[in-house]
Amino acid sequence: ITAGVPGTEMPANGFEDSEVWAIIAYLRSLAPPHRTMVSGDPANGKKIFFGSAGCSNCHMIRGSGGLLGPDLSRVAAARSVAYLIDSIRQPDRDLSAGMLDPNNHYGLPLVYDTVTVVTARGERITGIARNEDTFSVQLLTTDQNLRFFLKKEVKEVIHEHKSLMPPYSEEGLSTSQLHDLIAYLETLRGEESGSKEGR
């Protein structure tokens, strides 16, 4: 914090000692709580993720999967077990407020609200906004195509504070399957976790 990181965009800072400690205390407060022991089978959880539950249709892990949802390659390094369970069972719950993207080193907030563009012909196209400004919106659609719209050429751009991810109730994902899936997600802590996956 004080000396910066040579060769990067991180500059040196002239903070007072008390300010440095305040920053450190804040950063430590962002760390997830101590990990909860998970009783599931990670190997079976991986099969569920890439198979029956269809998680990989929208989420990517180390280059495999979809782009519509957050990259989960190191999700266990930044999210608690309780957070992961709530994200699966109740994806519309306001889980991302104030949360930062664990895969982004610049501290950008997570934004995965549903966006619908209504074209001049009345066609409704839904997805998430990859880029948006006063004049245009770039939409990653639910079929994972990137489309660009000028706002002056469409009828409406609708933002809804809800997730595109469907809720996984016990009927669709049993408790034992959920435990297996969480056990697999708990192995995802970044590049160094690759050799430990499934242990």
Q | Pair His159-Val137, side chain to side chain contact (heavy atoms under 4.5 Å, CB included): steps then yes or no | A | CA-CA 12 Å; His159 289 261; Val137 58; over 6 Å; no
Q. Are the side chain of Arg189 and the backbone N or O of Arg74 linked by a donor-acceptor pair below 3.5 Å?
A. no
Q. So, the side chain of Asp133 versus the backbone of Asn131: is there a donor-acceptor pair under 3.5 Å, distance only?
A. no
(Q) Can you confirm whether more than 12 heavy atoms, excluding those of Lys47, are under 6.0 Å from its NZ atom? (A) no
Q | Closest approach of Thr142 to Leu68 (non-hydrogen atoms, all atoms of both residues) | A | CA-CD2, 3.9 Å
(Q) I'd like to know whether CZ of Arg89 has more than 12 heavy-atom contacts from other residues, nucleotides or ligands below 6.0 angstrom. (A) yes
(Q) Before you tell me yes or no, could you show the steps for Lys162 and Glu160 under salt bridge (Lys or Arg N to Asp or Glu O under 4.0 Å), namely the whole-Å CA-CA distance, both residues' side-chain angles and the distance that decides it to 0.1 Å? (A) CA-CA 6 Å; Lys162 68 177 185 179; Glu160 298 175 87; 3.7 Å; yes
Q | side chain to side chain contact (heavy atoms under 4.5 Å, CB included) between Ile48 and Leu173, intermediate numbers included | A | CA-CA 9 Å; Ile48 292 169; Leu173 190 72; 4.0 Å; yes
Q: Would you give the length of the straight line joining atom CD of Gln90 to atom CD1 of Ile88, rounded to the nearest 0.5 angstrom?
A: 11.5 Å
Q) So if you build clusters from Ile, Leu, Val, Met, Phe, Trp, Tyr with side-chain heavy-atom gaps below 4.5 Å, do Val118 and Phe149 land together? A) no
**Q.** Same cluster (ILVMFWY, side-chain, under 4.5 Å), Trp21 and Leu27
**A.** yes
Q) Do the side chains of Lys46 and Phe50 get nearer than 4.5 Å, heavy atoms only? A) yes
Q.
Is it true that, when you exclude Phe135 itself, more than 12 heavy atoms of the residues, nucleotides or ligands shown sit nearer than 6.0 Å to its CZ?
A. no
Q: Compare all side-chain heavy atoms of Ile24 with those of Ile1 and state whether any distance is below 4.5 angstrom.
A: yes
Q: Give a yes or no on whether Leu146 and Met60 share a hydrophobic cluster (residues Ile, Leu, Val, Met, Phe, Trp, Tyr; joining criterion: side-chain heavy atoms under 4.5 Å apart).
A: yes
Q | Distance (rounded to the nearest 0.5 Å) between Asp180 CG and Ser39 OG | A | 8.0 Å
Q. Taking it one step at a time, do Thr175 and Leu178 satisfy side chain to side chain contact (heavy atoms under 4.5 Å, CB included)?
A. CA-CA 5 Å; Thr175 299; Leu178 176 63; 5.5 Å; no
Q) Is Leu72 close to Phe49 at the side-chain level, that is, under 4.5 Å between some pair of heavy atoms? A) yes
Q: Report yes or no: do Ile61 and Met165 belong to one cluster of Ile/Leu/Val/Met/Phe/Trp/Tyr joined by side chain heavy-atom distances under 4.5 Å?
A: yes
Q.
Go through it in stages, so that I can follow the logic: the residues are Leu139 and Val157, the test is side chain to side chain contact (heavy atoms under 4.5 Å, CB included), and I'd like the CA-CA distance, side-chain angles, deciding distance and then a yes or no.
A. CA-CA 11 Å; Leu139 197 70; Val157 178; over 6 Å; no
Q) Just wondering, more than 12 heavy atoms not from Asp17 lying within 6.0 Å of its CG? A) no
(Q) Give me the atom names and distance for the closest heavy-atom approach of Tyr184 to Pro42. (A) CB-O, 3.5 Å
